[in-house]
Every structure is written in C-alpha cells, then in structure tokens.
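Contents: one structure, followed by commentary.
FYI, side chains are in, hydrogens and waters are out, and symmetry mates aren't considered; it's all heavy atoms of this structure. Just so it is clear: chains get the letters A, B, ... in the order the sequence lines come, proteins before strands, and each one is counted from 1.
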Amino acid sequence: MSALLEVRGLSTHFTGRTGTVRAVDDISFSVARGQVLGLVGESGSGKSVTGFSILGLIDPPGRIVAGQVMFQGRNLVTLGESALRGLRGNRLAMIFQDPMLTLNPVLSIGTQMIETVLAHEQVSRAEAYRRARDSLGLVGIPSPEERLAAYPHQFSGGMRQRVAIAIATLHRPDLIIADEPTTALDVTIQAQILAEMQTLSRDFGTALIWITHDLSVVAGLADAIAVMYAGRIVEAGSVADVLDRPRHPYTSGLIGSVPSRNQRGARLRQIPGNTPSLLNLPEGCAFRSRCSYADTACAQNPPLSESASGHSSRCFHPVHEHVG
Amino acid sequence: MLTRRDGLRLAGATAGVAAFPGLGHAQSANRLRMGVGLTPNSIDPHYHNTGQNNSALRHVFDTLVNELGQQDVTPCLAESWRLVDELTWEFKLRQGVTFTDGTPFVAADVVFSFQRVPTIPNSPGLFTPYVKLITKFETPDDHTVLMHTDKPYPFVPRDVAWVQILSHKIHAGATTDDFNSLKVAIGTGPYKITKYTPGDAVELVRNEGYWGKKQPWASVQLKAIAQPETRLIALMSGDLDVIGGVAPQDMARAQGNADLSVQLFPSVEVVYLFPDSTRDVSPNMFDKTGKPLTSNPMRDARVRRALSMSIDRKAIVERVMQKAGAPAYQMAAATEDGYDPSIPEIPYDPAGAKKLLAEAGWPDGWKMTINGPVGFISNDDKILQAVGGFFSRIGVETSVESVSPAVYFGKATNREYCLFMTSFSVPLAITDLKSLIVTKSAQTGDGPFNRQLYSNKQLDDLVFQAQSTLDPAERRKLIGKAMRVAMDDVAVMPVINTVATWATRKAAVKYNAVPLGWAWAMLAEPV
Amino acid sequence: MPCRSAGPGPCSPSPSEPRVLLYVVRRLGQSVLLLLAMSMIVFLAVYAIGDPVELLVSPQATQAEIAATRAAFGLDQPLTTQYGLFLANALHGDLGRSFIFHEPALALVVSRMGATLELALSALLIATTLGIALGLIAALHSDGWIGRAIMSGSILGLSLPTFWVGILMLLCFSLWLGWFPAIGRGRTGDVFGIASSLFTLDGLRHIVLPASTLALGNTALTIRLTRSGAVEVLQSEFVKYARARGLAPRRILMVHVLRAVLIPLITIVGIEFGGLIAFSVVTETIFAWPGMGKLIIDSIYVLDRPVIVAYLMVIVFLFVVINLVVDLLYRLLDPRIGAN
C-alpha cells in the first residue's frame with residue numbers, strides 16, 4: 001500500500017544577509033493512511049517549518065531548496081499555487097498553536113467556517129451553515145448555532161481549539177497537520193483535545209502529523225514518532241521502538257529528562273548545553289557538541305541506518321551499544 | 001495577483017470620470033460673466049456704503065446722476081439740474097420711468113429715498129454724509145424736486161449720485177432683510193436681480209422695460225473670486241468674460257495671452273504716507289544707538305519735505321507696480337474735480353533731501369519704523385519696503401512693518417505709528433482734504449480720518465470756504481490753493497495713484513472702464 | 001473580558017440599545033461645555049485683535065457716524081457685558097447678526113455649510129477609496145517598483161502645499177486640458193428634499209478639481225496608513241491561517257486584511273473628516289467655492305465677530321458629532337470593544 005504522504009529529502013533554507021539557516025535539512029519520512037505520526041523536537045528544530053513546507057506556506061526569505069513531498073501521488077513542491085490552494089483546507093488541513101492568533105478576531109466563527117466550506121465546494125450558504133454547525137457538534141461544542149454567531153474572544157482556550165479542529169475537519173481531509181495544538185492549554189483540556197483528535201482520526205480515517213516538543217503527549221496518541229534535531233530527523237520508528245528502545249543519544253536524553261521518569265528527590269536529568277544556532281551549521285552531526293558519546297567520527301554526517309522493523313536513526317554511536 | 005487587476009480597474013474608472021467633455025467653458029449667447037473681488041453684502045442699496053455694494057446694486061437701482069470719477073457727473077434719473085438760489089437746487093426728473101413692477105417713478109420717490117438713508121439700523125457705514133446737508137425737500141410736481149440747504153453748498157449735484165432711488169409705494173417700511181430675500185429688490189435700473197448668495201455671487205437678468213439704452217446682455221453674473229490668480233485663470237479658461245484687478249505678477253502673462261485684452265485705467269485711489277507732525281515725541285523713533293528720541297524730527301516741515309523728496313515715485317511705479325500706476329504729487333487723481341495741474345511735482349532729490357535734513361538740525365538722520373497694511377492695497381507691503389529703502393538712503397535708517405488691515409487701522413487711529421501708509425479713494429479732491437487733512441472735530445464731524453491730528457487753520461479756512469463757493473471756477477481755485485498749502489506743509493506725502501486693471505476675452509467682450517473703477521455690465525459691450 | 005463559559009449559553013452580546021443611547025447623550029452633554037469654552041476663547045481673541053468699525057465705515061463717515069456704528073454693534077460696551085449679552089442670546093439660538101451682511105450669523109454659516117460638506121465628503125470619498133486601494137497595492141508589492149512609486153508619491157502628497165496644488169490643478173485641468181470648469185459650484189439637484197450639487201452632472205463637474213485638491217493630503221496619509229497596516233496584517237498569523245485553509249487570495253485581501261486594516265483607519269479617517277471641513281478654507285478660496293471656509297476667511301479679514309464665533313461653534317459641534325460617529329462605528333466594526 002503506497003503511503004498517503006511521502007517526504008523525500010526535503011530541505012527548506014532561509015537566506016538572509018548574515019547567512020543561510022538550514023531550517024529543514026534533508027529529511028525524509030512517510031505517513032500512511034489513518035496513521036498518527038508524532039514529530040518531536042525542541043523549538044528551533046525545524047518541526048513547524050516542516051509542517052509549513054508540506055503545505056507550501058513558506059514565504060521569502062525561506063524557500064524549499066530540495067526534495068519532494070508526494071501526496072496522493074502528486075509532488076506538492078512542484079504543484080502550482082492554485083492547485084495547492086485547492087488541497088489546503090480540503091484534503092490537507094492544518095491546526096495552529098494558538099487559535100486566538102489565527103482566527104480573525106473581528107469576524108464571527110460562523111463566517112470563518114462558512115468561508116472555508118465555500119472555498120472548496122459550490123454549495124449554498126444555507127448548506128455551508130449546516131455543515132459548519134454539524135462540524136461544531138462533532139467536536140463536542142454545545143449549542144453550535146449560538147456559537148456560530150459568536151466571536152473568537154468570547155470562547156475559552158479549549159473551546160477555540162475545538163473550533164480549530166472543527167474547521168480542519170470540515171472537508172474530511174486525508175491528512176491533518178497539527179502544530180503544537182495543545183501547548184497553550186491546561187493539562188486537563190489538553191487531555192480532552194487529545195481524545196477528540198484520536199476519535200476523529202479513528203472515525204474518519206484521517207492521518208495526523210502531531211508536531212510537539214512534549215514526548216509525553218505523543219506517547220499515548222501516535223503510532224509512529226520522528227525526532228528532529230537542528231533541522232534533521234535523528235531518529236524515527238514506531239512509538240514502542242523509539243520510546244522503549246531509543247537509539248539516538250538525543251532521544252534517550254529527551255526521554256530521560258521527562259520529570260516523571262526521574263527519581264523523586266533526585267536531580268532532574270538534563271541534556272547539557274544548548275541547541276546550536278542553525279545559522280551556518282558546521283558539517284557533521286549537529287548533536288556532537290552536547291553528546292557524551294561524540295568522537296572524531298562524528299565530524300562526518302552520520303548516515304541513516306534502518307532496522308528491519310523500520311526503526312531508523314542517524315548516529316555513529318547508537319545508544320543500545322552502550323547498555324550493559 | 002488579483003489585486004493588480006483591481007488596481008487597474010480602479011485606474012480605468014478614474015480616467016473615465018475625468019474624460020467628461022469640457023463643455024463647462026462654453027458661454028451661452030448674451031450672458032455676461034464678470035469676476036470681481038467682492039460681491040455686495042446686502043441688496044438694500046442704503047445699507048452700506050462700499051464700492052462692491054454700490055457698483056453691484058446700480059445694476060438694479062438708479063440714482064439721480066451718474067458719478068464716474070470724472071470732472072462732472074452725468075444725468076441719470078434727473079435730466080437736468082440748476083441752482084435756483086444760493087440755498088436751493090432744482091432737479092428736473094426724467095418722465096416715463098417705471099419700476100420693474102410697473103409702479104411709475106415720481107418725485108416723491110426721491111424724497112422718500114433721501115429720508116430713508118439715515119434710518120437704516122445696524123449699518124456699518126451709512127450714506128448719511130450725502131444727505132445730511134439737505135434740510136428740506138419740495139416737490140412742486142411729479143417730476144420736479146427742490147433741495148434746500150442751510151448754507152450754500154455746491155456739491156449737491158455730486159452728492160445725490162450716491163443715493164439709489166427707491167419707490168415710496170413699494171419700499172415703504174421695507175427692511176434690509178426684505179431686500180436680502182429679494183422680496184422688494186425692485187428698481188428702475190437696467191437689470192433685475194434673480195439670485196443673491198452673500199459673499200459669492202449675484203445673478204441678474206435684463207430689465208426689458210428699462211428707460212435707457214437697451215442692454216446687450218440677457219443675463220449677467222457677478223462672481224466674487226478673492227484670489228486674483230484664480231480670476232485670471234477662470235478668464236483664460238473661458239469661465240468668465242471680464243475680470244477686474246489683474247495682480248501685478250500676472251500682468252505679463254495676461255498681456256501675453258492672445259485671447260485676452262488687458263487695459264490699465266487710472267483710478268481715483270491715492271496711496272499716501274501720514275507722518276506724525278504734531279506730537280513732541282512720537283513712537284518708533286530712535287537715535288542711531290537705539291535710544292528713543294526725545295524730540296520728534298517730523299514736527300519740522302523741512303524734515304517732512306526731505307523725506308518726501310527722498311522717494312523715487314517713478315521707480316516705484318516702474319518696478320514695484322510694473323508700470324500699473326502713476327506718481328502722485330497731490331491728494332487727488334488727475335481725472336478728479338479739484339485736481340490742480342499747476343501744483344508742481346515733488347522732485348526726486350536725495351542730495352537735496354540730505355541738505356534739508358542738515359538744515360533742520362538732523363544731519364545724521366535717525367532710526368525709525370514705519371507701518372503699512374498688507375493685502376489692502378495692491379503690492380502694499382512692497383511699496384512700503386521701497387519707501388523704507390529710500391528713507392534709509394538719506395540717512396534715516398528705516399525698518400518696515402506690515403500687518404493685516406484688521407489690526408492695522410485700529411492701531412493707526414490710536415496713533416501707535418509715527419508714520420504710516422494707507423490709501424484713499426474718492427472722486428472729489430475736496431473730500432480727500434475734508435476727510436484726511438482738515439482739523440479733526442468731534443462736534444462738526446470733520447476730518448474723520450485725520451488720524452495723525454494734523455491741524456492747519458489756513459487750510460481749514462480755505463476748504464470751508466470752497467465748500468460753500470457755488471461758482472465752479474472759483475471753487476476749483478480755492479481747492480487748488482488748499483491743496484497747495486497741504487502739499488507745501490507736507491501734511492501728508494502722496495506716493496502714487498494706482499490703476500485699475502481690466503481684462504476681457506477679446507473675441508467676446510469689450511469693456512469701457514471708468515475711473516471710479518466699478519464693475520458694470522453697462523460698460524461691457526459684445527464684440 | 002473573555003468569556004469563561006465552556007458550557008451552554010453564549011457570552012454577552014454586543015452593547016444593548018439603552019446603553020448606547022446613554023453613551024451618546026453623555027457625549028453630547030460634554031460637548032456643551034466645549035462649546036462654552038470655545039465661545040469664550042473666540043470672543044477674547046477677536047476682541048483683542050482689532051477694531052472692526054474702522055474697516056466698515058465709509059470714507060466720508062463723520063465722528064458721530066463712526067460712534068453710532070460702534071454703539072449699534074455694541075462695541076462700545078465693556079467686554080464682559082458684550083459676552084454676557086452674547087450668552088443670553090445664544091441660549092435662544094441667536095448668535096447675533098453679521099456686522100457685514102446683517103444676516104443672522106448662525107443662519108449664514110449654516111447656509112454655507114452644505115457646500116463645504118459636499119466638498120469635504122467628496123474629498124473624503126476620493127481620499128478613502130484611492131488611499132485604501134493604492135495602500136493595499138503598495139503593501140502587496142512593497143518590494144517592487146509599484147509599491148515604491150506609490151510610497152514616494154504619497155510623500156509628495158503630504159508635503160505639497162494645498163494652495164500650490166490647487167493652482168496647478170486649475171492650470172492643468174481647467175486651462176490647458178479644458179476638462180473641468182475653473183470656479184464655483186455647479187447646479188444643485190433635489191433628492192429627498194436635500195439640495196446638493198452632487199446630484200447633478202454639472203455639479204459633479206464643478207466639484208472634481210476642488211475635491212481632488214482638498215483630498216490630496218488625506219489620500220497620501222491614507223495610503224501610508226493602509227500600507228503599513230496591511231503589511232503588518234499580511235504577516236500576521238491569521239492571514240497565514242486563512243491561506244492554510246485554502247481561501248482565495250481575493251477573499252483574504254478584501255475580507256480579512258481589509259477589515260483588520262479598516263478598524264484603526266476609521267478613527268483616523270473620522271478625525272481627518274473634521275480636518276477637511278475646517279481646512280477647506282484654502283481650497284474654497286482658490287476655487288471660489290461658496291462654502292463656510294471662504295466665509296470665515298472673509299469674516300476674519302474684516303473682523304465680523306458674530307460670524308467668526310458662529311462658525312467656530314458650528315465647527316466644534318461638527319467635530320463632536322464626527323467623533324461620536326467614529327466611536328460608534330469603531331464599536332460596530334470591532335466586536336471586542338464595548339462588549340462589557
């Protein structure tokens with residue numbers, strides 16, 4: 001079965017006067033129909049840029065310089081703008097981090113939902129209204145008719161995100177890219193949203209790319225995980241593989257630094273050092289400067305090594321070699 | 001991007017709007033459009049004695065005689081007049097004249113009009129001076145009026161030119177408001193008024209029942225355009241047919257335009273300087289170190305004469321006024337009744353002036369500030385600057401200050417200036433003397449504009465004598481003498497006579513201007 | 001205050017009607033104080049400048065006549081008495097009679113108000129439509145030559161003096177090209193009982209040049225404000241989100257961007273409208289447009305105090321009304337304001 005989305009060798013660079021930022025550097029991954037992929041990394045790792053690159057929303061001074069994004073057999077990188085527009089919000093939807101910033105504050109929810117319907121389908125306004133209303137109901141928003149007339153500032157954070165989900169699912173997209181959708185929410189609401197997404201994914205067979213910096217969030221939700229560092233995917237595989245048997249030192253560092261995994265009263269484990277500046281990154285493994293296993297070999301860019309179960313990583317000194 | 005298309009669409013629409021056919025300039029047949037600086041502030045002809053009111057309302061109302069600023073007045077509603085005796089003037093009125101509603105014009109109308117003049121409430125400037133010396137009226141028949149004075153007064157035939165004639169039937173009890181609403185805007189004149197927008201325009205149509213020469217214009221518009229540049233552009237673009245008052249800086253352009261005909265016409269306006277010749281100490285006068293002077297040099301007639309001699313009047317006419325003017329050596333224009341051609345020119349003689357100053361005890365001159373208005377007379381601030389320059393050349397370091405008329409005249413009357421400039425426009429030489437130079441008196445009301453309070457008994461006597469001399473030749477001799485006294489004593493320093501400029505569209509209109517400078521459709525004839 | 005209800009029932013809707021009415025009444029009440037202050041200031045100012053009688057009387061007037069004129073206008077009374085009389089009459093709506101025209105000053109000003117409002121409204125229309133259109137174009141092509149050309153043009157528009165522009169317009173469009181008449185106001189037409197020269201073709205042809213001259217500065221300002229607002233909005237998250245939803249660029253621009261840009265613009269435009277009315281003076285003088293501006297200039301020149309006072313009071317009142325309308329419009333456009 002061919003993948004729904006297949007990213008091959010995607011590179012997105014931002015060129016400024018001070019140099020080139022290789023925000024996304026030669027990444028490849030795929031998402032199958034109905035699959036949930038967790039894209040994990042710190043801020044600045046390039047995960048959001050990956051999401052925007054897939055949708056073709058990279059603006060100058062950024063540019064996709066290499067690679068392909070195959071979606072349902074078509075390469076989105078070379079597809080024209082109007083064709084892309086036809087896909088966005090329709091077959092490929094995006095959920096942003098803070099709907100307070102992304103929903104237009106002076107237009108009602110209804111207006112913004114209806115326009116999304118009408119952008120891709122020639123139906124009457126009444127029909128579009130009905131679909132918007134039903135979509136709100138589906139994400140568990142009560143009294144949807146009153147909500148349609150309301151404005152974004154009249155909703156709570158969790159409500160707004162549900163609205164964003166409702167908008168994203170209006171056309172039953174094949175793939176939803178969610179960029180840190182729960183980061184700004186309370187933990188309890190977070191759980192609700194996660195549950196909501198899971199239901200939708202199951203019910204409609206929607207694939208999901210969940211972009212986050214929080215490993216614990218994807219642990220329960222995702223089928224597969226890809227870990228990004230400094231614009232590169234350093235490890236990818238099934239949730240079980242990556243979380244239980246991490247190979248890349250960064251991944252194991254991430255897992256280790258989750259507070260619940262530490263002993264009560266003991267010092268929290270951290271990954272030493274800081275993320276490097278993406279401006280003019282030197283050759284070789286980007287994690288080198290913070291890795292306790294690094295040596296001269298790491299001055300070369302580590303190749304991708306993949307196991308039979310599809311668990312891949314880029315490291316000359318994978319973790320499991322050091323156990324025991 | 002679609003927005004570029006939107007932008008282009010917008011540009012296209014704008015161009016479409018702009019390409020209206022330029023028909024706005026076509027003139028309909030027999031319509032005269034005159035551009036003036038000011039239109040009347042009322043339709044009541046007795047309300048306010050100003051040039052713009054008088055000139056505009058004379059289209060609608062007549063007077064007994066026409067005053068045009070020339071040596072003599074011409075008949076209008078009065079066919080002839082004569083002195084019956086020393087204290088009585090008889091006017092024979094024209095017959096067959098009617099007001100535009102058919103009411104016949106009779107002698108009682110004259111009496112009514114003259115008696116109405118002083119009664120107008122809240123007038124900023126009445127016509128009373130022209131009627132107050134007439135103490136009694138008689139109307140022996142419908143077409144004869146006798147006017148009696150207490151003392152012999154030769155100017156009755158001239159003064160009556162300022163009283164516009166109303167009907168004792170139509171206008172009985174009429175208020176200024178009634179006129180302004182056009183309810184009673186009914187006269188005997190060559191035109192009827194159809195629309196009045198205060199401060200903007202007056203619309204007139206021909207009075208088909210007019211007693212006089214048939215007017216060539218079926219309709220007339222008097223349009224107020226304050227900016228001379230705009231007036232000229234409107235004329236050049238065909239929106240107007242005649243304009244009065246071409247600004248000096250636009251003269252070359254106007255004269256160079258093949259479609260226009262430009263005339264310069266001597267006017268009765270005299271621009272003059274009024275020195276403080278009476279006070280011991282005068283403001284704005286300092287010695288060369290900056291200390292205020294403790295004695296006023298201009299009390300000495302020699303000093304005043306020196307200052308007057310230092311002014312190159314011809315140069316002012318040539319350079320400042322661009323030849324639109326004439327040097328003035330007395331307080332009257334050459335066309336006026338009372339102008340004395342034998343009064344000599346004041347020579348331009350800076351060397352002689354310096355000698356006179358030395359003789360009077362001021363060999364090193366002094367410092368002073370002289371004042372003038374701005375925007376009141378054409379090029380007023382530039383004329384004052386030139387005068388200041390001339391004074392400085394003979395050693396009197398002069399700086400100039402020009403302020404707006406609203407502020408200026410109050411200060412001048414308050415005697416805050418040691419020497420100031422202004423102008424006076426009246427068609428009779430004797431009026432210049434009576435209003436400006438005769439001793440100011442609250443009781444008799446003489447010398448109302450003698451702001452520097454100059455007083456010369458010899459001059460006063462001559463003027464009052466002339467005022468009751470009925471024989472024209474005798475009278476003019478006396479006025480000449482009085483003028484000479486004033487000029488010899490340098491009571492005031494005349495500088496220039498201004499000219500009125502008229503421009504017309506050559507192919508459409510010919511304009512025969514008069515010295516009084518009024519904008520009259522009656523003076524315009526089609527080409 | 002954000003709505004915290006996650007349960008049923010909407011949050012509070014837009015401001016209720018009685019509240020709006022109260023707000024309007026309160027604002028109008030404040031304006032009365034403003035009018036009072038203004039009248040006092042103007043009175044003092046004109047009193048201090050000079051003497052109108054000198055400018056009014058005929059050259060042959062005698063002392064007695066000059067004194068009589070002064071008395072007739074009440075100018076021989078002390079300042080406080082004059083002001084007191086004025087206030088007493090003003091309460092009846094009588095702001096005195098013009099010294100020059102002898103017409104009731106307020107009626108005179110109001111009769112000319114129509115022409116000025118026509119001019120100001122036309123100028124506002126030109127400035128707003130042209131300004132927003134060009135500003136949006138400039139924002140979309142901010143690095144291209146179109147954008148730069150528009151911005152340079154706008155600087156010119158801001159710095160060129162109205163007087164000079166007016167004369168240039170006259171020379172170019174009236175004299176050389178002969179497209180439009182040079183002076184005056186066109187014929188008026190009647191629509192729903194309102195007489196305006198905007199309702200006739202002749203009237204429209206007469207208003208193009210003066211309205212364009214008056215609009216120049218405001219157009220330039222609107223271009224700059226729209227552009228900077230649009231540039232900011234175009235980079236904002238919700239525009240990106242709109243693109244992510246696949247909305248057509250036209251819709252994004254005309255609905256999302258424009259709406260966001262309009263809200264701060266409305267406030268500026270409102271204030272500018274008041275400015276257009278007040279500063280139409282120069283344009284009206286050049287084009288001999290029979291509006292309030294020309295009236296006030298003429299009146300100041302001859303110190304016709306009742307008209308000066310009446311004019312300024314009318315202007316203050318207009319400003320108050322305009323600001324009120326702008327505030328209400330603002331609340332209408334932006335649902336976040338006034339929700340408490």
*Please look at C:Leu295 and chain B and tell me whether the side chain, the backbone, both or neither of the residue comes under 4.5 angstrom of a heavy atom of that chain.*
neither
*asked:* Taking side chain as everything from C-beta outward and backbone as N, CA, C, O, which of these in C:Arg70 sits under 4.5 Å from a heavy atom of chain B? Side chain, backbone, both or neither.
replied: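 For C:Arg70, no heavy atom lies under 4.5 Å from chain B.
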Atom [atom1] in [X], atom [atom2] in [Y]: separation rounded to 0.5 Å?
X	Y	atom1	atom2	value
B:Asn41	C:Glu103	CG	CD	9.5 Å
C:Phe163	B:Glu229	CZ	CD	5.0 Å
B:Ser237	C:Ile183	OG	CD1	7.5 Å
C:Leu175	B:Ile233	CG	CD1	6.5 Å

Compare all side-chain heavy atoms of [X] with those of [Y] and state whether any distance is below 4.5 angstrom.
X	Y	answer
B:Asp177	C:Arg97	yes
B:Pro198	C:Ile100	no
B:Ser42	C:Phe101	no

Heavy-atom distance under 4.5 Å to chain C: side chain of [X], backbone, both or neither?
X	value
B:Tyr47	side chain
B:Leu38	neither
B:Thr176	side chain
B:Pro40	backbone

_Contact leader toward chain C among B:Gly51, B:Gly375, B:Ala201, where contacts are heavy-atom pairs under 4.5 Å_ = B:Gly375
_chain C contacts, top residue of B:Pro118, B:Ser441, B:Ala412, B:Gly35 (heavy-atom pairs, under 4.5 Å)_ = B:Ser441
*Under 3.5 Å donor-acceptor, C:Lys294 side chain and B:Asp200 backbone*: no
*Is a donor on one side and an acceptor on the other found under 3.5 Å between the side chain of B:Asp239 and the backbone of C:Ala182?*
yes
